[in-house]
Amino acid sequence: MASALSERLSRLVKTMRGQARITEDNVQDMLREVRMALLEADVALPVVRDFIARVKEKALGQEVVGSLSPGQALVGVVHKELAATMGAGGVAELNLATQPPAVILMAGLQGAGKTTTTAKLARHLIGRKKKVLTVSGDVYRPAAIEQLKTVTQQAGAEWFPSQASDQPVDIALAAVDYAKKHYFDVLLVDTAGRLAIDEAMMAEIRALHAALNPIETLFVVDAMQGQDAINVAKAFKEALPLTGIVLTKLDGDSRGGAALSVRQVTGAPIKFAGVSEKIDGLELFDAERHAGRVLG
Ligand code: GDP
């Protein structure tokens, strides 16, 4: 296990003892450690480069150079910049400000945690006194439809049945209709994912988006996915106007660097973090806390 960034930086700082001031070389050495820490946390390389360039600009200023403990000061600069990047815009709750039902479209690869997250969000919204309906557009996997039914019931929300022989857009529009007639506040639309990016999947979710005009389009991504998260995020961003991200499986042992990559690539706020398989394992994303985890 690699030692924490702050420890590695203080080791470097010891080697500078006796120097009158920090040189640009010292800052470069420290930034090399920061770069390593981010790569170890699985932040994608182009994102690391960009981030380091920004930190360097700040680190070369007063903050670090004038400080008594340059290692700590640099950790402070890095932590602040990381939290600011991942949490730009502050804590981001769901936007429901529309004529009901507020439609929330769930996007992401198979296995990312879409169905689980749909039920977690249903539960979260019920906690906010909302009447919630869920529907699955995954006509390829009847088991996925059943899974949504089960977890929706666990959440205490209502599930709208879908037939595997129907088109996803027709199913979703029927659910909207039902939601309107029965005064639901929110309709959560789970969708079919694939194991990898695939044009047919993207075309289908684009069609769903066009038909539903959802107020929220949430990209669900597995924090354990590491370096690859950036490519998946790029593809979904190109296909859809994403309004938020849900980072799942943060209870795993990844350092969660995917948060930085995905935030940077999509420009969308990370709204929630999945922290267990259970229905109540969903938290509002806390960028400050997450920055500490990424830096180790
Ligand atoms: P989908 O294919 O995107 O709908 O993914 P699922 O919702 O079926 O989730 C795939 C697997 O990941 C399931 O075994 C879930 O229990 C698990 N899962 C989803 N979210 C989390 C999470 O936040 N933490 C953990 N530990 N497991 C999760």
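Just so you know, ligand 1 is whichever comes first in the structure, and atom 1 is the first atom listed for that ligand.
- No heavy atom of Gly108 sits closer than 4.0 Å to any atom of ligand 1.
- The protein non-hydrogen atom at the shortest distance from atom 22 (C) of ligand 1 is Ser276 O, 3.2 Å.
- Scanning all protein heavy atoms for the shortest distance to atom 5 (O) of ligand 1 gives Gly113 N, 3.0 Å.
- Closest heavy-atom contact between Ala41 and Val294: CB-O, 3.5 Å.
- Annotation for ligand 1: atoms under 4.0 Å from non-hydrogen atoms of Gln147 are 6 (P), 7 (O), 8 (O).
- Distance check, rounded to the nearest 0.5 Å: NZ of Lys114 to CG of Leu109 gives 7.0 Å.
- Cation-pi geometry between Arg194 and Tyr140 is met: the NZ or CZ atom falls under 6.0 Å from the ring centre, inside 45° of the normal.
- Interface of Gly274 with ligand 1, defined as ligand atoms under 4.0 Å from a residue heavy atom, comprises 23 (O).
- Counting heavy atoms under 4.0 Å from ligand 1, residue Lys278 does not touch it at all.
- In this structure, Phe272 and His124 have perpendicular ring planes: the angle between them is above 60°, well past the 30° mark.
- Below 4.0 Å from some heavy atom of Asp251 lie the following atoms of ligand 1, by number and element: 22 (C), 23 (O), 24 (N), 25 (C), 26 (N).
- Every atom of ligand 1 is numbered from 1 in the order shown, and the set under 4.0 Å from a heavy atom of Gln110 is 2 (O).
- Hydrophobic clustering, with ILVMFWY side chains joined whenever heavy atoms are under 4.5 angstrom apart, keeps Trp159 apart from Leu133.
- Regarding atom 3 (O) of ligand 1, its nearest protein heavy-atom neighbour is Lys114 N, 2.7 Å.
- The protein heavy atom nearest to atom 15 (C) of ligand 1 is Thr116 OG1, 3.6 Å.
- Tested against Leu94, the residues Leu218, Val186, Thr243, Leu284 include a single side chain to side chain contact (heavy atoms under 4.5 Å, CB included) partner, Leu218.
- Side chains of Asp222 and Thr248: a donor-acceptor N/O pair is absent below 3.5 angstrom, by distance only.
- Between Lys271 and Glu216 there is a salt bridge, since at least one side-chain N of the basic residue sits less than 4.0 Å from a carboxylate O of the acidic one.
- Within a 6.0 Å radius of CD in Gln147, more than 12 heavy atoms belonging to other residues, nucleotides or ligands are found.
- Of the listed residues (Arg141, Lys249, Met224), the one carrying the non-hydrogen atom nearest atom 23 (O) of ligand 1 is Lys249.
- Using a 4.0 Å cut-off to heavy atoms of Val275, the atoms of ligand 1 that qualify are 23 (O).
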Apply salt bridge (charged side-chain N to carboxylate O under 4.0 Å, His left out) to the pair Arg8 and Glu40, showing each step before the final yes or no.
CA-CA 14 Å; Arg8 290 177 1 198; Glu40 278 166 14; 3.4 Å; yes

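- Proximity of Ala144 to ligand 1, defined as any heavy-atom pair under 4.0 Å, is not found for any part of the residue.
- With a 4.0 Å cut-off on non-hydrogen atoms, Thr117 does not touch ligand 1 at all.
- Among all protein heavy atoms, the one lying closest to atom 16 (O) of ligand 1 is Glu277 OE2, 2.9 Å.
- Among protein heavy atoms, atom 2 (O) of ligand 1 sits closest to Gly111 N, 2.7 Å.
- Using modelled atom types and a 3.5 Å distance limit, the side chains of Ser136 and Arg141 yield no donor-acceptor pair.
- Residue Leu109 has at least one heavy-atom neighbour below 4.0 Å for each of these atoms of ligand 1: 3 (O).
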